[in-house]
Amino acid sequence: MSDHTVKVRVTDLHKSYGDTEVLKGLNLEVQDNEVVCMIGPSGSGKSTFLRCLTDLEMPTKGQVIINDHDLSDAKTNLNLVRENIGMVFQHFNLFPHLTVLQNITLAPIQLKKMTPSEAEASARELLAQVGLADKADVKPNSLSGGQQQRVAIARALAMHPKIMLFDEPTSALDPEMVGDVLGVMKQLAQDGMTMIVVTHEMGFAKEVADRVVFMADGLIQESGTPAHIFEHPQNPRLQDFLQKVINV
Amino acid sequence: MKKWQVAVIVLLATLGSWVGLATQAHAAKYTIATDTTFAPFEFQVKGGKYKGIDIDLLQAIAKKEHFTYQLKALSFNAAVQQLSANQVDGVIAGMNITSARKATFDFSKPYYSSGVVMAVTKDSSVKNFKQLKGKTVALKTGTAGATFGKSIQAKYGFKIKYFNDSNTMYNDVKVGNSVACFEDYPVMSYGIKNGIPLKIVSKQHEAGDYGFAVKKGKNAALLKKFNAGLAAIKADGTYQKILNRYLHAKESSITGETASSRTFFGLFSQNLNTLGKGLWMTMELTIISIILATILGLILGVLGVMPGKLGPAISSTLIYIFRGMPLMVLAFFIYIGIPDLIGHGFKIPAFIAGMITLMLNEGAYTGAFVKGGFQAVDAGQMEAARSLGLPYWKAMRKVVMPQGIRIMIPSFINQFIITLKDTSILSVIGIVELTQTGTLIIARNFEGFKIWLMIAIIYLIIITLLTWLSNWVQRRIN
Ligand SMILES: Nc1ncnc2c1ncn2[C@@H]1O[C@H](COP(=O)(O)OP(=O)(O)O)[C@@H](O)[C@H]1O
Ligand SMILES: [Mg+2]
């Protein structure tokens, strides 16, 4: 792959569960440093798409090339591919038996052969970056949802990923917590991280995204700059969707 | 070295020493099985030693004929099964020489003749077989009394209830569940003389001969020695001396027990040593089995949640088999069935067989709840760990297992207690653990209530201690 500015290239991606086809031939390219926001009604296949990018789900058909690795190639070391992709889940999925600090240092110690003290030092830096320097030694369950999600972002960043994937990171949060998490994500985008963000936060998409992708029925129906998508939607389903979201 | 590695090494060393002990025990030339309770032919005396006509005869004969042997006390049934499975070389257990038995065993010359009598409670009005109509009669499996009882059952129209040892059979009559039992005359009269509250109400029927048995076509040399030795001790008067010792004496003169020692605490201090040995055996079995079953259970549990089809299939099949099989069947299968199948004189020491039995059965139960515990951990945990790049096993070990095991702790404690209790079932293959110790003590002093109370209290104390220990561990972990 000579074209190093392309971080993700998805070609004709299909995914079925039994007889139901959830992804029906998806194509998408994401450039280095690009922030892509994905919007669309629930059940349209957004989560499934993100999970296919890290092979948490195996595509039924099609090709995914991410960080120059072809996931369908049997020789690809998936663990190595995943180390370079950060994933943030709707429900945080922090490890409840470990402290905040241990959540963040687990993977670097296990995989990057860092000494515990190196890993800890860099974990504390990350915690400071997400505004939780004082929470290093508590268990995740004692934190608010917003705090937990920021820890989850720090945990993903600890592996120094080249791409970050977010699956509705603020959907499970109380409204007053949303701002802090979006703030951290905005900062990441400004620092040049390549990001794919599935979200219902239209404000965030307008402000931060380089490109907005509208998904419905397992296909990308329309894609373009935030101005294009929000000001001049072409697809009737997108118009309909925006109507509903904005009226909420 | 990590802690678990130390634990595994200690465990292997323990196992090794047991196998070593078992092999050492086989240095004795012959293994000869006897019954656990068949006074005055065989019974246990204070300190766990066996005495009785059979035991003394065998000892005298062995001395005359210069052979060594190891005595193995089992239930009569187990002894006979083991002889036919080639697990022991001979059986001396007040065994009647019958034509049916001659098909599978070779017998010595008869060393004693006796007939079957009917015994009832002291205040019973039953005097003859006709009065048994519609009532229940207690029989001990495999005895001449049982054969006789069965042969007249149709004629007199009574129901039959079978027992594995004499004492439980007497007790069933004593408490009134059965109206009568059939027993060999010398055994019955000896028992009555020593405190069994029954009376003999019939003459001797179907007089038969007792013989020493070996498996048909095997151990001809041993049989020849037994016959020669028997002739020799009859000639020099030893034989008669042994008979007199048991048939005309009160048991207390043999066991050294006195009436004043029949109080609860008297019995307790008298049997302290024996009880201690039984308790130690129970503890040893419990602890080793818990460790092995936990290891097996963890393996089965991990296999059960592995991706793919093979691991879960293996796991659920093994859990299905070993959880579905009654513990006693499994114990017999391993102890008697497998050596029978392998042949070539292959033997499994009872302790090892018992341990394997518990490991498989308790391990299957453990596997089932370990699997459930892992499944109870949110699938998002595994996904988050894999997303960070952790390989499957590492994610399992660092993320899923620590959480799952926390969920399982109450089940583990429960399983430990069940394991402790289940060791008592292993008495069927002749392991003298706490329960079997109780059976043996009662066989000679007939103090059923006090001894079982004692045993029950000991179990409760141990279970309480085990629960405390487990709770303490649980608090430490959380
Ligand atoms: N493991 C699965 N098995 C069967 N159907 C699934 C599975 N995961 C998702 N689906 C279905 O696929 C569709 C798309 O789901 P998802 O990707 O979660 O949509 P979105 O994230 O856009 O809400 C839904 O109809 C959902 O029910
Ligand atoms: Mg979703």
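Predicted model, so just to flag it, every value in this text is computed and none were measured.
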## Note on the structure
Comparing A:Val88, A:Asn77, A:Val81, A:Leu111 against chain B, the one with the most heavy-atom pairs below 4.5 Å turns out to be A:Leu111

### Message
What part of A:Ile85 gets within 4.5 angstrom of chain B, counting heavy atoms only: side chain, backbone, both, or neither?
### Response
backbone

### Message
Any side-chain to backbone donor/acceptor pair from A:Glu118 onto A:Thr115? Under 3.5 Å, distance only.
### Response
yes

### Query
Between A:Leu28 and A:Ile220, is any pair of side-chain heavy atoms under 4.5 Å apart?
yes

### Summary
Residues passing the side chain to side chain contact (heavy atoms under 4.5 Å, CB included) test with A:Gln187, sequence neighbours excluded, are A:Gln190, A:Asp191

### B:Lys421 NZ: over 12 foreign heavy atoms closer than 6.0 Å
no

### Task
Counting only heavy atoms closer than 4.5 Å, note whether A:Leu94 contacts chain B via side chain, backbone, both or neither.
backbone

### Query
With respect to chain B, which residue among A:Thr54, A:Leu80, A:Leu106 yields the maximal number of heavy-atom pairs within a distance under 4.5 Å?
A:Leu106

### Query
Is the backbone of A:Leu71 close enough, under 3.5 Å, to the side chain of A:Thr76 for a donor and an acceptor to pair up by distance?
no

### Query
Of the backbone (N, CA, C, O) and the side chain (C-beta and beyond), which part of A:Arg51 lies under 4.5 Å from a heavy atom of chain B, both, or neither?
side chain

### Task
Could you tell me whether B:Tyr320 atom OH has more than 12 heavy atoms of other residues or ligands within 6.0 Å of it?
no

### Query
chain A heavy atoms under 4.5 Å from B:Lys394: which part of the residue, side chain, backbone, both or neither?
side chain

### Proximity breakdown for B:Ala385 and chain A, heavy-atom pairs closer than 4.5 Å
both

## Note on the structure
Comparing A:Pro108, A:Ala107, A:Pro161 against chain B, the one with the most heavy-atom pairs below 4.5 Å turns out to be A:Ala107

### chain B contacts, top residue of A:Glu83, A:Met87, A:Met159, A:Gln110 (heavy-atom pairs, under 4.5 Å)
A:Gln110

N/O donor to acceptor pairs below 3.5 angstrom from side-chain atoms of residues 140-151 of chain A, sequence neighbours left out:
residue  : atom : partner  : partner atom : Å
A:Ser142 : OG   : A:Lys139 : O            : 2.8
A:Ser144 : OG   : A:Gln147 : N            : 3.3
A:Ser144 : OG   : A:Gln147 : OE1          : 3.3
A:Gln147 : OE1  : A:Ser144 : N            : 3.0
A:Gln148 : NE2  : A:Pro140 : O            : 3.4
A:Gln148 : NE2  : A:Leu143 : O            : 3.3
A:Gln149 : NE2  : A:Phe89  : O            : 2.8
A:Gln149 : NE2  : A:Pro169 : O            : 2.9
A:Arg150 : NH1  : A:Val130 : O            : 3.0

